[in-house]
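The structure displayed is predicted, hence computed values, not measured ones. Because only heavy atoms are used, hydrogens play no part in the values below, and waters and symmetry mates are left out as well, while side chains stay in.
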Amino acid sequence: MSLTRFSAVQVRTPEGILFSLPLAGPIVRCLAWIIDVACISVATALLNRVLGAFELIGSDAVRGLTALGYFVISIGYGITAEWIFRGQTIGKRLLQLRVMDQQGLRLRLSQIVMRNLLRVVDGLPVLYLVGGASCLLTQRMQRLGDLAANTIVVRSSRVRQPDLDQILGGKFNSLLAHRHLAARLRQRVTPEIAAVSLDALLRREQLQPAARIALFHDLAGYFRSLVEFPPEATELLADEQYVRNTVEILFR
């Protein structure tokens, strides 16, 4: 992995695919955090209302349960959201940010748990001063939770719907005959890899022949490693056609 300091990170996946992503700075991450705090506050208020009905068991017990409930909600919210939405909370989703493994590997649950548990330390002494200072002092703008979990936060811009007719040229897509496998492929491909594949097809005529062959060989190999289609659907497909068929599945 190589880095342009405080701007973007280049990630090479295990399949040899290289792509660049802009890093999320402290300010936009703070705005996402404010949105997430609002969501946590709503959930905590609902919990307080429920616990208010049990005041008869003692105010001290209720206060203790409230404090415990806030901790569980604040930590559990981040873990649950980032796992379900593949690296995004509601705040990150609204601001188009995403947590990802800094080596380009699939984000693991253990990484999500680690970075969220360490929010307690990053939040010290107040207003995430420790976490903010860590973001400013580290090359990849990582708070302590990111450093421990080997994660980064990147900007994940939405990809505009392309003119698929221009790219696909009305060619038959043999992969679409296996709808359950196509759905599985759509689920497993990240937005970043989808964007790289689309860009490769749009710029294919600008590539040198050797570079074009190598690029589509790597991309096709990556997609084949995610989902295995029956031989009759893939055996006659060149690598570039395989990528073209995959892009149709992802965007149409």
Side-chain angles (χ1 to χ4, degrees), residues 1 3 8-15 17 19 21-44 47 68-124 127-135 137-158 184-195 222 225-226:
M1 174 183 291
L3 177 76
V9 63
Q10 286 189 332
V11 178
R12 182 179 297 274
T13 71
E15 294 76 20
I17 299 172
F19 58 97
L21 292 170
L23 288 165
I27 294 178
V28 70
R29 290 180 65 171
C30 180
L31 294 175
W33 172 70
I34 291 173
I35 296 173
D36 290 331
V37 168
C39 295
I40 293 170
S41 298
V42 170
T44 304
L47 175 64
L68 178 62
Y70 176 78
F71 176 79
V72 171
I73 290 173
S74 60
I75 300 299
Y77 163 81
I79 294 173
T80 303
E82 289 180 0
W83 178 245
I84 292 176
F85 298 121
R86 295 193 297 179
Q88 291 183 308
T89 59
I90 294 175
K92 290 185 179 69
R93 199 174 182 87
L94 290 176
L95 295 180
Q96 300 181 27
L97 307 181
R98 186 180 298 276
V99 180
M100 62 178 293
D101 180 274
Q102 68 175 354
Q103 302 299 332
L105 302 173
R106 186 177 182 86
L107 192 63
R108 304 188 306 275
L109 179 60
S110 59
Q111 292 176 289
I112 295 173
V113 172
M114 175 67 73
R115 72 184 307 276
N116 279 281
L117 286 177
L118 285 178
R119 285 185 184 278
V120 178
V121 180
D122 280 310
L124 296 174
L127 299 177
Y128 267 78
L129 289 181
V130 170
S134 179
C135 284
L137 295 175
T138 54
Q139 285 188 326
R140 299 178 179 90
M141 289 187 278
Q142 296 164 291
R143 60 179 179 82
L144 297 183
D146 290 317
L147 291 171
N150 197 38
T151 56
I152 54 176
V153 179
V154 300
R155 292 180 177 271
S156 180
S157 302
R158 294 187 180 93
R184 188 179 304 167
L185 180 63
R186 188 182 299 112
Q187 182 183 32
R188 293 180 177 178
V189 175
T190 65
E192 293 78 23
I193 295 296
Y222 171 73
S225 71
L226 294 180

Residue I34 excluded, over 12 heavy atoms near CD1 under 6.0 Å:
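Yes, the 6.0 Å shell around CD1 holds more than 12 heavy atoms from other groups.
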Going from [atom1] on [X] to [atom2] on [Y], what distance comes out if it is rounded to the nearest 0.5 angstrom?
X    : Y    : atom1 : atom2 : result
R143 : L137 : CZ    : CG    : 15.5 Å
Q88  : L95  : CD    : CG    : 10.0 Å
R155 : E192 : CZ    : CD    : 14.0 Å
R186 : R188 : CZ    : CZ    : 13.5 Å

Using the test side-chain hydrogen bond (donor to acceptor under 3.5 Å, both in side chains), find all partners of Q111 that sit at least two apart in sequence or belong to another chain.
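So Q111 forms a side-chain hydrogen bond (donor to acceptor under 3.5 Å, both in side chains) with D101.
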Taking the side chain as C-beta and beyond, is there a heavy-atom pair between L97 and V28 under 4.5 Å?
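Touching, per the 4.5 Å side-chain cut-off.
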Using a 3.5 Å distance criterion without hydrogens, assess whether the side chain of R140 forms a donor-acceptor pair with backbone atoms of I152.
no
Show the atom names and distances, to 0.1 Å, of all donor-acceptor pairs under 3.5 Å that link a side chain in residues 127-134 to residues at least two apart or in another chain.
residue	atom	partner	partner atom	Å
Y128	OH	R119	NH1	3.2
S134	OG	Q142	O	2.7

Taking all non-hydrogen atoms of both residues, which atom of [X] and which atom of [Y] are closest, and how far apart?
X    : Y    : result
V99  : L107 : O-CD2, 3.7 Å
M141 : G25  : SD-CA, 3.7 Å
L118 : A148 : CD1-CB, 3.4 Å

If the condition is side-chain contact (heavy atoms from CB on, under 4.5 Å), which residues does [X] pass it with, not counting sequence neighbours?
X    : answer
I84  : T80
L47  : L51, I73
L117 : I75, V113

Could you walk me through whether R29 and V153 satisfy the side-chain contact (heavy atoms from CB on, under 4.5 Å) test, starting with their C-alpha distance in whole Å, then the side-chain angles of each, then the deciding distance to 0.1 Å, before giving a yes or no?
CA-CA 8 Å; R29 290 180 65 171; V153 179; 3.5 Å; yes
Using the rule given for side-chain contact (heavy atoms from CB on, under 4.5 Å), can you reason through L185 versus L226, listing the C-alpha separation, both sets of side-chain angles and the distance that settles it, and then say yes or no?
CA-CA 7 Å; L185 180 63; L226 294 180; 4.2 Å; yes
Checking I40 against Y70 for the side-chain contact (heavy atoms from CB on, under 4.5 Å) test, could you report, in this order, the C-alpha distance in whole Å, the side-chain angles of both residues, the deciding distance, and whether it holds?
CA-CA 8 Å; I40 293 170; Y70 176 78; 3.8 Å; yes
By salt bridge (charged side-chain N to carboxylate O under 4.0 Å, His left out), which residues pair with R115, not counting sequence neighbours?
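Partners of R115 under the salt bridge (charged side-chain N to carboxylate O under 4.0 Å, His left out) test: E82, D146.
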If a pair satisfies side chain to side chain donor-acceptor pair (under 3.5 Å) and one of its residues is in residues 30-39, list it, with sequence neighbours excluded.
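Of all non-adjacent pairs touching residues 30-39, those that pass side chain to side chain donor-acceptor pair (under 3.5 Å) are D36-Y77, D36-T89.
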Give the intermediate values and the outcome of side-chain contact (heavy atoms from CB on, under 4.5 Å) for residues R98 and K92.
CA-CA 6 Å; R98 186 180 298 276; K92 290 185 179 69; over 6 Å; no
